[in-house]
Amino acid sequence: GITGTKGSCGRRDTFANDAISTLLTEAENNRTNTMVILAGYEEPMDELLDADPGLRRRFPNKLALKDYSCPELACIAAKAAKERFDCVLGAGVEAGLAELVRVRHAGEIRKHNA
């Protein structure tokens, strides 16, 4: 990834170095007319920000969003069913779906909740 995972030689790959350098240069050169937002999951973003000493200084603000809850995911599914397929879930289906998500997928929500 862009975070520069170390290759077989134990060094960050050239692409990652060049990408970070280009990002910093462009952000600096266009700081009055461009907004740069870095977005991603928390751990990979921390790796990215640690990949170059200038990144944390240039991107000091952080916004961490909470994961959706199982009921919220079920509500999103119900809304998508209605809007995309003109399908209204029957009584209790949304609550059942929330429970199913909790039982079967609660451990995965943190990894895929974006």
Side-chain angles (χ1 to χ4, degrees):
I2 191 93
T3 59
T5 50
K6 293 184 179 179
S8 58
C9 297
R11 295 182 311 228
R12 203 165 17 144
D13 66 64
T14 305
F15 173 77
N17 287 334
D18 290 346
I20 290 170
S21 177
T22 300
L23 173 66
L24 290 174
T25 300
E26 289 300 314
E28 186 65 26
N29 290 344
N30 297 291
R31 69 179 175 268
T32 60
N33 62 359
T34 301
M35 178 187 294
V36 178
I37 298 173
L38 304 177
Y41 291 106
E42 189 171 1
E43 288 179 24
M45 289 305 302
D46 283 338
E47 289 177 26
L48 172 64
L49 292 172
D50 290 339
D52 184 279
L55 284 173
R56 283 204 188 268
R57 181 172 46 83
R58 286 183 177 92
F59 298 95
N61 300 320
K62 186 175 183 180
L63 173 65
L65 303 175
K66 290 183 190 179
D67 291 331
Y68 287 117
S69 67
C70 295
E72 287 171 326
L73 289 170
C75 181
I76 291 167
K79 184 177 179 186
K82 172 67 177 143
E83 291 177 0
R84 296 169 87 190
F85 306 106
D86 198 28
C87 175
V88 177
L89 301 183
V93 173
E94 189 175 320
L97 180 58
E99 180 63 12
L100 180 66
V101 169
R102 185 190 68 75
V103 170
R104 293 232 176 135
H105 303 287
E108 300 170 36
I109 289 173
R110 180 125 179 90
K111 293 188 286 185
H112 303 291
N113 208 1

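Keep in mind that what you see is a predicted model, and the values were worked out from it rather than measured.
The nearest pair of heavy atoms linking Ala98 to Pro71 is CB-CA, 3.8 Å.
Cluster partners of Val103 are absent, since no Ile, Leu, Val, Met, Phe, Trp or Tyr has side-chain heavy atoms less than 4.5 Å from it.
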>> Could you go through Leu65 and Leu63, starting from their C-alpha distance and side-chain angles, then the distance that decides it, and tell me whether this counts as side chain to side chain contact (heavy atoms under 4.5 Å, CB included)?
In response: CA-CA 6 Å; Leu65 303 175; Leu63 173 65; 4.0 Å; yes

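Side-chain atoms of Thr25 and Glu28 form no donor-acceptor pair, as typed in the model, at a separation below 3.5 Å.
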Throw together a table of side-chain donor-acceptor distances under 3.5 angstrom for residues 76-88, partners on residues two or more places apart or in other chains.
from	atom 1	to	atom 2	distance (Å)
Lys82	NZ	Asp86	OD1	3.2

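Residues Arg56 and Asp46 have side chains in contact (heavy-atom distance under 4.5 Å, counting atoms from C-beta outward).
Atom CG of Leu55 and atom CG of Asp50 lie 9.0 Å apart (nearest 0.5 Å). The line from CG of Leu48 to OH of Tyr41 is 16.0 Å long, rounded to the nearest 0.5 Å. To the nearest 0.5 Å, atoms CD (Glu43) and CE (Met45) are separated by 12.5 Å. How far CZ of Arg102 is from OG of Ser69: 12.0 Å, rounded to the nearest 0.5 Å. Atom CG of Asn29 sits about 10.5 Å away from atom OG1 of Thr22, to the nearest 0.5 Å. Put simply, CG on Leu23 and CZ on Arg58 are 9.0 Å apart, with the number rounded to the nearest 0.5 Å.
Between Glu99 and Arg104 there is no salt bridge, since none of the side-chain N atoms of the basic residue sits less than 4.0 Å from a carboxylate O of the acidic one.
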